[in-house]
Student: 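Below is a structure I'd like to ask you about.
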Amino acid sequence: KKLTFSRFFQAAFEEEDGTPLSDCTVRFSDGKNSADYQADQDGTLTIFALPAGGELTASVPDGRKGLRGTVTLGFPGGGD
């Protein structure tokens, strides 16, 4: 089953020192389903649709250490 989206999202992913996470994978999960997206060479990720409501967890996996970081995004109900 795929995630259903309806909002725009753009973020830049970088190391603590500001170095872009070039071509990193960002995993979005709603707790039941997940989808992986590839950031650009400059660490920018653009998704043209996100959920109209609820929460998503965005994480950047690192095969050697587990996760580089995780954040939970909340979206108020409704949407276009």
Student: If I take atom CG from residue Leu21 and atom CD from residue Glu14, how far apart are they, to the nearest 0.5 angstrom?
Tutor: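 Output value for this atom pair is 8.0 Å.
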
Student: Do side-chain atoms of Asp40 reach the backbone of Asp42 as a donor and acceptor pair under 3.5 angstrom?
Tutor: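 Not confirmed, Asp40 side chain does not pair with Asp42 backbone.
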
Student: Output, in order, the C-alpha distance, side-chain angles, deciding distance and verdict of side-chain contact (heavy atoms from CB on, under 4.5 Å) for Leu45 and Gln10.
Tutor: CA-CA 6 Å; Leu45 174 67; Gln10 186 172 43; over 6 Å; no

Student: Considering all heavy atoms of both residues, which atom of Gly43 and which atom of Pro20 are nearest to each other, and what is their separation?
Tutor: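 So the minimum-distance heavy-atom pair works out to N-CB, 4.1 Å.
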
Student: Distance check, rounded to the nearest 0.5 Å: Thr25 atom OG1 versus Gln38 atom CD?
Tutor: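 Taking OG1 in Thr25 and CD in Gln38, the distance rounds to 4.0 Å.
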
Student: Measure the spacing between OG1 of Thr57 and CG of Leu73 and express it to the nearest 0.5 Å.
Tutor: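 These two atoms lie 8.0 Å from each other.
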
Student: Is there a path of hydrophobic side-chain contacts, each under 4.5 Å between heavy atoms of I, L, V, M, F, W or Y residues, that connects Val71 with Leu67?
Tutor: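 Cluster IDs for Val71 and Leu67 differ.
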
Student: Minimum heavy-atom separation for Ser59 and Pro61, please, with both atom names.
Tutor: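 Answer, listing the atom of Ser59 first, then Pro61: O-CD, 3.4 Å.
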
